[in-house]
**Q** 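Input: one structure, supplied below.
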Amino acid sequence: MTGEPQANAYGGQAQTSKQQTLEQKFQFQIPDANSTISMLSQPLTPTPISSQQASVNIPYKKGERVTLREGLPLFSVRKDSRISADQMKITHLTIPSEKYTLAAVQGEWVQVKTKEHDSYWLPGWYALKQSNIVTETDPRTFTIKTGGKLYLTPDSTVTWPSNEALSEQALIVSEWKDWYGVSIAPRIWSRESTGYHHVILWIKKKDIASQTPVPDGWFASESSLPASLLRHLVDTKLDQTTTARQAVNWLGEPDWKEQSRNMNETGDPMRIGQTWRYERNDAQLLLTFDKNIKLTEIRWNLLADQQNEAASGSYSRLDRFVYTTQVAAGKFILQTLPWKPEWVNQGDLNYTFLQAGTEDVLLMKGDDGGFSGIHYDDSFYALDRHTGKMLWRVHAGFGPAQAILNTNRDAVTLFTSYDTDRKQYLDRVRHINLNDGKLLWEYKPEGHVRLNGIKGAQNVVIVDTPAAEGSSNGWIHVLNSSNGKRLWSKKLTTRYQLLNRSADEPYVLYQEKNQLVAADPLTGRTVWQVESEASTIDHIENDPYFDGIHRYDPFASAPLQRWMLLDDQWVLLDLTSGKKRSLIPARIGQQIEVLNDGKVLIRQNQKGNMYGDYDEYTTSLFDPGSGKIHWTVNAKIERGLLEADQLYVIRNGYPASVDYRNGETRWDAKESVGANQYSINQGSYLIIGDRLLLPRNEDLLVLDKKDGTLLGRVHDVVMGTPEHRDRDAKNGMINRINDEVYVGSANGRFRVFPAALLEGDLSF
């Protein structure tokens with residue numbers, strides 16, 4: 001039988017009338033406080049029940065804590081020989097830290113509940129003291145004599161026939177008196193979002209024909225062990241109690257040791273451990289140890305085959321111990337490439353985004369990466385560009401925060417809405433020295449008014465104050481950025497918008513009463529204005545998953561031409577004169593992206609939706625100079641980086657290159673990269689010689705730019721999924737200036753690499 005019984009007495013499922021009769025005849029009881037009862041076993045085979053079958057003495061009362069040893073398979077329902085021994089679908093194993101209480105006894109089985117109220121079944125023999133004298137042995141393969149059987153437990157009445165194919169999936173792993181404990185690998189290790197563990201059955205020692213020890217050093221380079229056996233060995237032998245020394249003895253020295261990702265949930269202090277990587281072409285094993293050298297996670301990266309049908313699966317041994325499998329949808333498993341950084345800074349929040357850079361200082365943003373943009377803490381801080389040493393830091397806590405570098409790029413204005421010292425919401429605007437964090441001036445809103453935030457223009461800071469309750473007007477207060485003194489203020493009607501992006505912009509830009517106004521930053525005098533009706537189309541930057549129209553260089557001044565949504569048109573506006581340089585009709589379901597040569601990718605959902613499948617999109621290349629569309633393709637093309645006549649993009653979710661002249665695909669890395677097609681923006685492309693860098697999933701990929709060949713992943717860099725931080729990721733996750741490559745992460749690390757080393761031999 002290859003499936004679950006459809007109607008039986010297990011786990012509260014439907015029962016046949018015959019089974020109901022039998023259950024009435026052999027009604028079970030839970031012991032009370034004064035007795036321990038001998039339970040008649042309910043038959044778990046298709047044969048008729050016999051009153052002569054074995055009974056199990058259960059020394060626990062209902063609700064009492066049951067002592068169970070580590071690594072016992074937990075069954076969702078009771079099983080018998082109608083279920084093949086390699087199709088038990090074990091999703092959890094016991095762990096020492098879990099509390100199990102007795103819920104029920106049925107025949108040779110007991111039902112236990114965990115503190116999370118999950119219920120599982122396991123053979124009652126494991127709840128008896130006699131099972132504690134089981135001795136673990138070094139794993140051995142074996143052959144079985146003709147007629148040998150597998151038993152649920154020693155002397156159990158529940159048996160399975162053995163055969164050669166089954167014994168090839170089995171290992172002797174323990175012994176008890178005249179019995180061997182046998183671990184049997186699941187026929188399917190993972191399917192869809194579920195992964196499975198081995199099961200433990202028993203065999204009489206006299207039924208073993210031969211046995212062969214599995215030598216230690218399972219991942220040694222000279223080892224010829226198949227990946228399926230490696231997986232079985234790890235699943236059977238490694239658990240929460242495994243020490244680093246044991247791991248080295250069994251598996252050999254790892255190929256790589258790296259800092260792990262954050263093992264704590266958002267809101268808790270970071271917990272970074274060490275991840276050991278064992279790498280083969282057909283399989284990778286990642287073991288993560290915490291700071292106490294305690295094994296906390298086992299992870300496999302595997303090629304898809306008959307035993308790995310899932311794109312990815314995750315399963316645990318309960319509690320915080322995690323066992324994960326990720327099956328590559330592509331042809332390759334990423335191999336690690338060495339690239340030694342010049343320095344590394346370890347922060348205390350998950351994500352590290354570069355905001356701006358000067359000759360000596362890097363302005364950084366830290367974010368804990370909470371779900372859907374929600375965070376418990378974010379911060380702004382400065383690093384010495386030459387050493388990575390932290391110069392200063394300001395935590396912003398729960399609330400929104402902004403940082404704007406001044407025009408001279410020697411000071412930064414911070415807006416924070418939450419005071420982490422007083423633990424209360426309190427809007428503050430502080431202007432501090434970029435080099436040392438010294439406070440230069442502070443602006444305090446009158447009457448503790450809550451602010452919308454701040455903007456910057458040339459040599460000024462613009463404080464955005466919303467309309468007070470009962471009023472239809474808000475205010476902008478324009479401050480001299482050098483001393484914080486108010487230069488001018490202006491009352492604006494409800495629904496006004498401040499449109500400045502950078503202190504490099506020459507004027508204060510606001511939209512009010514169907515006018516876009518550019519005001520002199522020092523006097524407030526109108527320099528130019530443009531008629532602009534309110535648009536009927538929602539601005540694409542209101543979409544938190546949109547990564548922005550422009551890719552901004554943290555080391556460069558902001559451009560003085562910007563695409564802006566005026567009326568129902570995208571207008572390329574010259575910020576110095578207010579002249580319209582180009583127009584694109586705006587439509588619902590549309591996104592635009594400016595490439596590094598100024599041309600524009602127009603992505604259009606043909607159904608007019610904000611989101612949709614890739615086959616619903618077309619992408620066009622628009623030339624603002626001529627006002628013409630050069631080409632249109634039926635695909636969603638985003639995150640473009642142009643070099644010569646080749647445009648590196650994400651095409652329908654995968655790294656690709658298209659011919660800049662006609663939009664035709666030159667190469668697509670779908671088959672080699674595989675994995676999740678719908679990954680969010682984790683950062684932009686960088687070109688280094690003949691290679692491309694691209695953050696994707698947990699890795700920083702290295703590809704050959706000529707044909708898209710996947711060369712590997714960069715050592716000790718942990719990427720993540722910065723949901724609703726797409727614009728920070730696009731602009732601040734990886735950047736290059738001259739020979740320096742700046743790389744953020746999802747485990748608090750930020751580092752600088754020498755570009756020249758990646759251009760050389762990758763075997764260094």
Side-chain angles (χ1 to χ4, degrees), residues 70-71 93 95 139 189 195 197 214-223 225-264 270-303 312-317 319-328 332-341 344 346 697-700 712-720 745-749 751 763:
E70 167 79 14
L93 306 178
I95 59 173
W189 280 99
H197 289 293
V214 178
D216 288 342
W218 306 333
F219 270 87
S221 57
E222 65 274 10
S223 172
L225 299 180
S228 58
L229 179 55
L230 289 172
R231 196 170 184 189
H232 189 189
L233 287 164
V234 169
D235 192 54
T236 302
K237 297 296 290 183
L238 274 66
D239 55 44
Q240 271 189 316
T241 65
T242 302
T243 65
R245 179 176 295 181
Q246 285 176 319
V248 170
N249 288 340
W250 287 333
L251 286 83
E253 290 287 346
D255 296 296
W256 305 94
K257 292 182 179 180
E258 302 182 342
Q259 295 294 300
S260 78
R261 66 177 182 271
N262 183 10
M263 295 181 283
N264 273 350
M270 286 187 71
R271 185 166 62 102
I272 302 295
Q274 188 178 69
T275 296
W276 294 8
R277 299 183 68 98
Y278 293 87
E279 297 190 349
R280 300 186 355 165
N281 290 331
D282 60 344
Q284 291 180 354
L285 173 65
L286 281 63
L287 304 179
T288 297
F289 297 88
D290 64 17
K291 64 180 181 180
N292 299 318
I293 319 300
K294 179 180 179 181
L295 185 61
T296 61
E297 180 174 301
I298 298 173
R299 172 172 175 171
W300 285 97
N301 293 330
L302 298 161
L303 291 174
S312 63
S314 176
Y315 47 113
S316 66
R317 303 175 185 225
D319 199 48
R320 298 177 72 176
F321 186 79
V322 179
Y323 199 121
T324 305
T325 300
Q326 178 148 335
V327 179
F332 307 103
I333 298 178
L334 291 169
Q335 301 298 306
T336 297
L337 303 174
W339 193 14
K340 187 176 180 179
V344 178
Q346 177 66 61
N697 299 321
E698 291 190 357
D699 299 303
L700 180 57
R713 61 174 292 276
V714 175
H715 170 58
D716 203 22
V717 175
V718 177
M719 292 297 173
S745 72
N747 66 349
R749 304 194 112 199
R751 71 213 83 193
S763 64

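The analysis underlying the following values was restricted to heavy atoms, covering all of them including side chains, and did not include hydrogens, waters or symmetry mates.
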**Q** Just wondering, do V718 and Q259 contact through their side chains at under 4.5 Å, heavy atoms?
**A** no

**Q** Does the pair R749 and D716 meet the rule for a side chain to side chain contact (heavy atoms under 4.5 Å, CB included), with working shown?
**A** CA-CA 10 Å; R749 304 194 112 199; D716 203 22; 3.0 Å; yes

**Q** Please report the interatomic distance CE(M263) to CD(E297), rounded to the nearest 0.5 Å.
**A** 8.5 Å

**Q** May I ask you to decide if K294's main-chain N or O and N292's side chain share a donor-acceptor pair within less than 3.5 Å?
**A** no

**Q** Could you work out, with salt bridge (charged side-chain N to carboxylate O under 4.0 Å, His left out) as the rule, every residue matching R713, not counting sequence neighbours?
**A** E258, D699

**Q** What heavy-atom pair brings S745 and N747 nearest, and what distance separates the two atoms?
**A** OG-OD1, 3.0 Å

**Q** Which atoms form the tightest heavy-atom contact between L302 and A283, and what is the distance?
**A** CD2-CB, 3.5 Å

**Q** Once salt bridge (charged side-chain N to carboxylate O under 4.0 Å, His left out) is applied, do any residues pair with R277, and if so which ones, sequence neighbours excluded?
**A** E279

**Q** Once side-chain contact (heavy atoms from CB on, under 4.5 Å) is applied, do any residues pair with P226, and if so which ones, sequence neighbours excluded?
**A** S228, L229

**Q** What are the two closest heavy atoms between Y278 and A247, and how far apart are they?
**A** OH-O, 4.0 Å

**Q** Roughly how far, to the nearest 0.5 Å, is the CG atom of D239 from the CD atom of E70?
**A** 3.5 Å

**Q** Evaluate the side-chain proximity of N262 to R271: yes if any heavy-atom separation is below 4.5 Å, no if none is.
**A** yes

**Q** Output all residues satisfying side-chain contact (heavy atoms from CB on, under 4.5 Å) with I293, sequence neighbours left out; order by chain, then residue number.
**A** A244, F289

**Q** Measuring from D255:CG to Q335:CD, what's the distance to the nearest 0.5 Å?
**A** 8.5 Å

**Q** Measuring only between side-chain heavy atoms, which start at C-beta, is L287 closer than 4.5 Å to I298?
**A** yes

**Q** List for me each residue that meets side chain to side chain donor-acceptor pair (under 3.5 Å) alongside E253, sequence neighbours excluded, and say none if there are none.
**A** none

**Q** Are the side chains of L286 and N301 in contact, using a 4.5 Å heavy-atom criterion?
**A** yes

**Q** Of all residues at least two apart in sequence or in a different chain, which pass the side chain to side chain donor-acceptor pair (under 3.5 Å) check with S260?
**A** none

**Q** Going from CG on L233 to CZ on R231, what distance comes out if it is rounded to the nearest 0.5 angstrom?
**A** 12.5 Å

**Q** What's the spacing between D235 CG and L230 CG if we round to 0.5 Å?
**A** 12.5 Å

**Q** What residues, two or more places apart in sequence or in another chain, satisfy side-chain contact (heavy atoms from CB on, under 4.5 Å) together with D216?
**A** W218, W250

**Q** With sequence neighbours excluded, what pairs up with W276 under the side chain to side chain donor-acceptor pair (under 3.5 Å) test?
**A** Q274

**Q** Taking the side chain as C-beta and beyond, is there a heavy-atom pair between Q284 and F219 under 4.5 Å?
**A** no

**Q** Would you give the length of the straight line joining atom OG1 of T242 to atom CG of L251, rounded to the nearest 0.5 angstrom?
**A** 9.5 Å

**Q** Mind checking what makes side chain to side chain donor-acceptor pair (under 3.5 Å) contact with R751, not counting sequence neighbours?
**A** none

**Q** D282: what forms a salt bridge (charged side-chain N to carboxylate O under 4.0 Å, His left out) with it, not counting sequence neighbours?
**A** R280

